[in-house]
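What follows is a short report on a single structure.
Small disclaimer: the values here were computed from a predicted structure and weren't measured. Quick note on labels: first sequence line is chain A, next is B, and so on, each numbered from 1.
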Amino acid sequence: MPETMTAPEPVMDTQPKAQELSLQGALNLALDEILAEDPKALVLGEDVGTLGGVFRVTSGLAAKHGAERVFDTPLAESGILGMSIGLAMAGFHPIPEVQFDGFAYPAVNQIVCQLGRMNYRSRGTLPMPVTLRVPSFGGIRAPEHHGESLEALFAHVPGLKVVSPSDPQQGYSLLKAAARMPDPVIFMEPKSRYWQKGLVTSTESPADVSGARIARPGKHLTLVAWGAMVSRCIQVAELAAEDGIDIEVLDLRWLKPIDAEALATSVGKTRRAVVVHEAPRTSGLGAEVAQIIIERCFGTLKAPVERVTGFDVPYPSGDLEDEYIPNIDRILFGIQRVLEYKRG
Amino acid sequence: MPETMTAPEPVMDTQPKAQELSLQGALNLALDEILAEDPKALVLGEDVGTLGGVFRVTSGLAAKHGAERVFDTPLAESGILGMSIGLAMAGFHPIPEVQFDGFAYPAVNQIVCQLGRMNYRSRGTLPMPVTLRVPSFGGIRAPEHHGESLEALFAHVPGLKVVSPSDPQQGYSLLKAAARMPDPVIFMEPKSRYWQKGLVTSTESPADVSGARIARPGKHLTLVAWGAMVSRCIQVAELAAEDGIDIEVLDLRWLKPIDAEALATSVGKTRRAVVVHEAPRTSGLGAEVAQIIIERCFGTLKAPVERVTGFDVPYPSGDLEDEYIPNIDRILFGIQRVLEYKRG
Amino acid sequence: MVDPVAPSDLVELYRLMTAVRQLDLAAISWQRQGLVPAYAPELGQEAAQVGSALAVDVCRDFVFPTYRELGVARACGVDMVEYMSTHKAIWHGGLWNPAETHVAPIQAVVAGSVLHAVGWAHGQTLDAHGEVPEAGYNVAITYLGDGASSQGDVHEAMNFAAIFKAPVVFFVQNNGWAISVPTEKQVAGGSVAARGAGYGIPAIQVDGNEAAAVLEATRRAVAHARAGHGPAIVEAMTYRRGPHATSDDPGRYRTLDEERADGGTDPLVRLRERILAEAAADAAALDAADASGKAEAEAVREGIMALGSRPGAEMFDLVFQEPTDELLRQKANWQEETDHA
Amino acid sequence: MVDPVAPSDLVELYRLMTAVRQLDLAAISWQRQGLVPAYAPELGQEAAQVGSALAVDVCRDFVFPTYRELGVARACGVDMVEYMSTHKAIWHGGLWNPAETHVAPIQAVVAGSVLHAVGWAHGQTLDAHGEVPEAGYNVAITYLGDGASSQGDVHEAMNFAAIFKAPVVFFVQNNGWAISVPTEKQVAGGSVAARGAGYGIPAIQVDGNEAAAVLEATRRAVAHARAGHGPAIVEAMTYRRGPHATSDDPGRYRTLDEERADGGTDPLVRLRERILAEAAADAAALDAADASGKAEAEAVREGIMALGSRPGAEMFDLVFQEPTDELLRQKANWQEETDHA
Ligand SMILES: Cc1ncc(C[n+]2csc(CCOP(=O)(O)OP(=O)(O)O)c2C)c(N)n1
Ligand SMILES: Cc1ncc(C[n+]2csc(CCOP(=O)(O)OP(=O)(O)O)c2C)c(N)n1
Ligand SMILES: [Mg+2]
Ligand SMILES: [Mg+2]
């Protein structure tokens, strides 16, 4: 995006430099600026127009940027993705939304076989600057299929980049960065964090958005997390600090490509790691993270990397979700197992 | 299946006890016996009827068991899976086929959100005894989407079991076992091995089909593989043996649930492991296998588990597939890295 | 072949519709009171739901609802506490037994079970070995909305159903909206029923707020399927008088005036007037039905209050018929950590 | 509005169709000789392919082929060596530049690109800001088969196209078969075009073996879309005279007699007869076209022979516009191991 383009007009505030915003508000601001700065940007999906999205992330955008640029589609996710691919071929930069994680499944064929491959198949002549927004993960006592974590699936797909913000600042910066990329990005928004507020500074530099970030420095053990699990891990670290255990929380942010250097640096220092995610354990992204750590830190690691994850069961109904999602106790148990590990 | 039911009438041979069959022939025999033994078994998919499947795995079955029980569907994979689920609800035991791995993607919504969850959602009252056959993996210089490895995706999905045979005997025994299970099984057939022959004994005992199997015993290092990679790993082991390196090849067979005990036993002995798969490296099943090993053998392992895999690129065209699929050289390099590993 | 709608049918429709209305209104208030976290009202769709459900025989047929079919479930005899357990966030799909009741679990994926109905229906013809039984085929009825009609699965289902001549009824509740998107931005051509012709499937569009008309149309469709003539489509033109769900704010996309104009006369009022006009029952009887509906809602409320969470162990136990070692390991670990914490 | 098919059009059709025929026959023999590992012949579909392709203007329109559109690609000016590179297993999608030629890469997923065409077409109306430009909209044309029509994506695409009034032409080659499955077991109702009405999309079924008729029908459809009236469907009734692909054995599902009866007169023969009857050209001119087609096929053969594999590094380089560190690492590792081995 050339810096000389029309200045952004933020929706939420008249003072754009640093403001208190919810994640939802920060994403809305980012989309507003993207639409203002990039005439080829489009927002499409179910209920994203007049309604402004079921989570209001696209609220006000159709009124401001026009019903042609922010538009409702019929209720068909494969259609939304397939149409976005065609729009990208026509020179647009579509930002489609699927309404909930679980409704990305009907679009998997278009995502895997088309979105992730068109650049390759066309030998780089048909790039796919598409940012797919997916309200993701659980924790809101929602109906079935509204609490899924698809990062392991997406991260395995060649040709996709995958990112998940953990707070309003991350949401703002990462969404703006994703929308500028010439490659497809799956943008996984932690829906349980939509209404959490935080300070958002609307300047960006590439360093702000690439790779992982240390959400809390520490020296005894590295907790690796993304999305909604980051703030939970910070909570856990604070609890552990009371017992004199100094935990580093690494907010992975990019789930593909994974920032192997950051993992190696952190665990190289702490020599112990626990990875936390909501998705089922088997073949989850935690295995990849653990492997990356072990490949780089095998010689110095004090214990195997522990995984604290969802179980290998369908995401349960609200009453059981606190049992399913890694809770503070389960994360603490995992930490304990690592700290107490004795080489057999 | 009660043992007293109609005796199977094998398609390929009059002497059913031990015969030389291709994997394709062994699968055909298994299906023939399943249809004969289980009146509720059905075979459905694209071209599985009159044609007998593009790989001839269902050849002759419609003629023998009736066009109602072995039938062609319209060309729609979501339809095939959705229909199979409904048939299971009506008391049938469907054995659908998707014609090639890459064409399972259009059915992912039905596989993940319905097939894997109906038993759970219905609290065990609507079981899903569905065996989905997927000709899988690469190696036959086929068009795009005909060389995919979806095991990491399937293994991550709650409510599915996943298995892949590596030779005719495995094909026969595992397919018969899968079709008897009251739960959904994804049956990944290594299409590059369809025409390889081997001796097939048509008696089965549960021990024959559960968990992993040692395809070649050895003591210096464990090579873990499944599907078409098993025979390649045996080849590699034989080459390595010439240099005095004694490699154990573990044919994982079940990709969900993974036989953790077998992995621990083998690597507990060899203290070194390499896992080989065709799928892209990142978030592939190799990470899970490596993690399982490390969680159990961390104290005794001599080197991190090495992964020799496909790259994080779309499966390439025939001319490049020998570069993409782990070849003998790449597997040997992986073995060498493990053998020469020095704790840093 | 099809039973004409009798006066007694009208009264039965009313009895069920008023019960459904009371339950539905009550559920909204339960949500406001925090008894259930969320609910998707069916306000205004009682005629479409009860009218269609009365046309099937759950002793033999099989019903595939979406997430909004309280009225269908009630009319099919599903226990309402077990039904509402879903909205109390106790179990996705509900606590009732679908195999016994012949009402499939709640389906939260739009159009998710349309193909299952086709498969189940095809199973009936397979069981009959191609010969239509004397009593006809058992029939599947699958519910879908105007929004759901946009999903590819609906096309695949209609095509499969027609190719296999499966005894299945596609019952479309065209209630004007898919959350905030009106039918005219959703259903190209304006009618889901109109798509039937392309598959050679007979289709009927019916006033979905006229209970007797829905009952009759669905009876015809079911009879068609039962007789072995293959699938049929019924599109009931109705109106979602309430919000999409309790979290929705329809004011963002439609005005109250529009609601009033588009909603028309309340289907319950219409039925009541017809019953009184035709003297199928008197006002006192209908009032009694209303009162009994209220009492039922109160009883359901008590049932829901009493309903506890399911044990966490069920997360593991209900995944498979035959659990895996890995799941048992995870369960043991979960149990241990829960006990410890 | 639509140009009538002129005598010169007939000759142009013939020139292209005979070239396509020669290439297609040659490709089968190349497969037999081991020059290419596999090929999907379009034998018998020359009229449908060339006739439709001549109706679009690839300077402005965009063409979305499947895996069987050799004839379309040739008529649209795609380099035939670059096209055949796919069948030589050199690069999925082909080596030509889709952005420049306005012919999308080969699509191996049936119905995979139907939605892309709708998206691209909608992009044209967005670029025009809702005003139909003087020269009309640029139009997308997407190819699909009778088998592909069963995919859910086709329904979603038609519905989206109609809702957005996108300038897109759905060109269906109903060639009687999807591998071994005949149209009557595939397309409920018997016609893909018949589905148009359900979406309010004008549709025409045309004799797909009559090149001029196809050209005219497609011109009408393109003109309709160009003028801003939205999508259109053309269903060309043709016949797959050859096997599904070189690995297929049609003898397993149809007899030679059936093939002969169902195939009818060769579209090339029909066109030749018409040209001679209408004296649009003389036999010598047509013979010359045949000969030039043969020469072209020979030249393409040489081009293919000369065509080497792509460097393995492209596997990594072409995944993204901006490669990731991990991919660069994998590439370096691959390079090192390749150099070592
Ligand atoms: C595949 C899928 N995509 C998106 C959703 C989210 N969603 C739930 S209901 C709904 C609207 C459904 O409209 P309609 O089919 O008309 O049924 P109604 O709600 O009007 O009863 C949407 C978009 C979903 N449940 N499933
Ligand atoms: C989604 C998908 N499923 C299955 C296949 C395998 N397949 C390739 S071609 C084909 C038949 C296609 O028939 P049709 O659409 O009529 O086109 P035709 O081959 O007749 O040109 C099938 C089943 C595929 N390519 N894509
Ligand atoms: Mg609706
Ligand atoms: Mg065809």
>> Quick check on A:Gln99 against chain C: is it the side chain, the backbone, both or neither that has a heavy atom closer than 4.5 Å?
In response: side chain
> Is chain A contacted by the side chain of C:Pro250, its backbone, both, or neither, given a heavy-atom distance below 4.5 Å?
Replying inline: neither
> Can you name the closest pair of heavy atoms from A:Pro143 and C:His92 and give their distance?
Replying inline: C-CE1, 3.3 Å
> Looking at CD1 of C:Ile90 and CG of A:Leu320, how far apart are the two atoms once the value is rounded to the nearest 0.5 Å?
Replying inline: 9.5 Å
>> Donor-acceptor check, side chain of A:Asp312 to backbone of C:Leu327, threshold 3.5 angstrom: yes or no?
In response: no
> Contact part of C:Lys88 toward chain A, heavy-atom cut-off under 4.5 Å: side chain, backbone, both or neither?
Replying inline: backbone
>> I'd like to verify something: which residue of C:His87, C:His340, C:Arg252 has the highest number of heavy-atom pairs under 4.5 Å with chain A?
In response: C:Arg252
> What part of A:Phe311 lies closer than 4.5 angstrom to a heavy atom of chain C: side chain, backbone, both or neither?
Replying inline: both
>> For C:His244, which atoms come within 4.5 Å of any heavy atom of chain A: side chain, backbone, both, or neither?
In response: neither
>> Tell me the closest heavy-atom pair linking C:Phe316 and A:Val313, and the distance in Å.
In response: CD2-CG1, 4.0 Å
> Would a 4.5 Å heavy-atom cut-off, applied to side chains only, mark C:Glu337 and A:Val308 as touching?
Replying inline: no
>> Can you confirm whether more than 12 heavy atoms, excluding those of C:Arg329, are under 6.0 Å from its CZ atom?
In response: yes
>> Given heavy-atom pairs under 4.5 angstrom as the criterion, report whether the side chain, backbone, both or neither of A:Ser78 touches chain C.
In response: neither
> With only heavy atoms counted, which part of A:Asp319 is less than 4.5 Å from chain C, the side chain, the backbone, both or neither?
Replying inline: both
> Checking heavy atoms, do the side chain of C:Val110, its backbone, both or neither come under 4.5 Å from chain A?
Replying inline: side chain
> For C:Ala38, is it the side chain, the backbone, both or neither that has a heavy atom under 4.5 Å from a heavy atom of chain A?
Replying inline: neither
>> Using every non-hydrogen atom in the two residues, find where A:Leu75 and C:Ser150 come nearest and quote the distance to one decimal.
In response: O-CB, 3.6 Å
> So does A:Glu323 pair up with C:Arg310, basic N to acidic O under 4.0 Å?
Replying inline: no
>> Pair C:Val181, A:Thr73 - check side chain to side chain contact (heavy atoms under 4.5 Å, CB included), show working.
In response: CA-CA 8 Å; C:Val181 179; A:Thr73 64; over 6 Å; no
> What part of C:Glu314 lies closer than 4.5 angstrom to a heavy atom of chain A: side chain, backbone, both or neither?
Replying inline: neither
> Which one of C:Gln186, C:Gln330, C:Lys185 has the most heavy-atom pairs closer than 4.5 Å to chain A?
Replying inline: C:Gln330
>> For C:Ala108 versus A:His145, what's the shortest heavy-atom pair and its separation?
In response: CB-CD2, 3.8 Å
> Under a 4.5 Å heavy-atom cut-off, does chain C meet the side chain of A:Asp72, its backbone, both or neither?
Replying inline: side chain
> If you round to the nearest 0.5 Å, how far is OH of C:Tyr253 from OG1 of A:Thr50?
Replying inline: 10.5 Å
> Between C:Val319 and A:Pro314, which heavy-atom pair has the shortest distance, and what is it?
Replying inline: CG2-CD, 3.9 Å
> Would A:Arg330 and C:Thr338 count as having a side-chain donor-acceptor pair, cut-off 3.5 Å?
Replying inline: no
> Which heavy-atom pair separates A:Arg56 from C:Asp249 by the least distance, and what is that distance?
Replying inline: NH2-CB, 4.1 Å
> Under a 4.5 Å heavy-atom cut-off, does chain C meet the side chain of A:Pro316, its backbone, both or neither?
Replying inline: both
> chain A heavy atoms under 4.5 Å from C:Asp153: which part of the residue, side chain, backbone, both or neither?
Replying inline: neither
>> side chain to side chain contact (heavy atoms under 4.5 Å, CB included) for C:Ser180 and A:Glu46? Distances and angles first, verdict last.
In response: CA-CA 9 Å; C:Ser180 72; A:Glu46 295 155 13; over 6 Å; no
>> Taking side chain as everything from C-beta outward and backbone as N, CA, C, O, which of these in C:Ala148 sits under 4.5 Å from a heavy atom of chain A? Side chain, backbone, both or neither.
In response: backbone
> Atom OG of A:Ser317 and atom CE of C:Met315: how far apart are they, to the nearest 0.5 Å?
Replying inline: 11.5 Å
> Under 3.5 Å, is there a donor-acceptor pair between the A:Glu77 and C:Gln151 side chains?
Replying inline: yes
